[in-house]
Amino acid sequence: MELSKLLTPGAVRVVGQFTSKKRLFQELGEIAAQAYGLSGAAAIDGLQERESLGPTGVGHGIALPHARLEDLKGIIGVFLRLERPLDYDSVDRQPVDLVFGLFAPKDSGVDHLKALALVSRTMRDPAVVAKLRANSDPAKLYAILTEARAPQAA
């Protein structure tokens with residue numbers, strides 16, 4: 001599995017700021033709807049439902065919100081780089097500026113977990129994270145993400 005199979009260039013954005021996690025999820029849903037044609041409302045509801053189980057802020061300014069959705073054919077991603085970090089209730093209480101949203105079919109099972117592990121490994125790579133934070137061009141961000149060779153350990 002490769003990030004280039006999960007992410008399209010049109011689903012990578014740099015955005016200013018959000019006033020809440022709910023507004024961030026709305027943006028992720030809208031981008032997913034534009035880039036992949038899925039229901040933005042279903043994406044937002046799925047993200048909020050998953051987040052109610054526990055925060056998806058994994059620390060070091062990174063959040064990995066994810067949801068399983070009905071009527072989705074494959075696993076897809078949306079990446080946002082926030083110009084102003086958002087208080088996200090992360091495990092380390094640090095605000096978030098890098099967000100990788102992941103959407104998977106309801107019945108994706110282990111493939112969803114593999115995709116989440118891939119994204120997590122990539123976003124834990126200090127060199128990748130530094131490059132993402134140093135660039136504000138969505139095309140460059142997409143290239144950084146899809147060319148990243150994440151460590152194999154989960």
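All values derive from a computational prediction rather than experimental measurement. Because only heavy atoms are used, hydrogens play no part in the values below, and waters and symmetry mates are left out as well, while side chains stay in.
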Who are the side-chain hydrogen bond (donor to acceptor under 3.5 Å, both in side chains) partners of Q34, not counting sequence neighbours?
R13
side-chain contact (heavy atoms from CB on, under 4.5 Å) filter on D137, not counting sequence neighbours, yields A139, K140
Here the ring-ring contact (aromatic ring centres under 6.0 Å, His included) pairs for residues 69-106, sequence neighbours left out, are none
Any residue meeting side-chain contact (heavy atoms from CB on, under 4.5 Å) with A35, in chain and number order, not counting sequence neighbours:
T8, A11
Applied to residues 91-111, the side chain to side chain donor-acceptor pair (under 3.5 Å) test, sequence neighbours excluded, yields D97-R133
So, using side-chain hydrogen bond (donor to acceptor under 3.5 Å, both in side chains) as the criterion, who are the partners of E30 when residues are at least two apart?
none
Residue pairs, two or more places apart or on separate chains, that pass ring-ring contact (aromatic ring centres under 6.0 Å, His included) and touch residues 27-62
none
I need the L24 CG to L82 CG distance, nearest 0.5 Å.
6.0 Å
Side chains of residues 65-73: which donor-acceptor partners sit under 3.5 Å, not counting sequence neighbours?
residue : atom : partner : partner atom : Å
H66     : ND1  : L64     : O            : 2.8
H66     : NE2  : R50     : NE           : 3.2

Sequence-distant partners of V91, side-chain contact (heavy atoms from CB on, under 4.5 Å), two or more places apart
none
Contact list for residues 4-26, test ring-ring contact (aromatic ring centres under 6.0 Å, His included), sequence neighbours left out
none
Only counting residues at least two apart or in another chain, list the ones meeting side-chain hydrogen bond (donor to acceptor under 3.5 Å, both in side chains) with K21.
E51
If you look only at pairs with a residue in residues 38-47, which of them pass as a side chain to side chain donor-acceptor pair (under 3.5 Å), with sequence neighbours excluded?
none
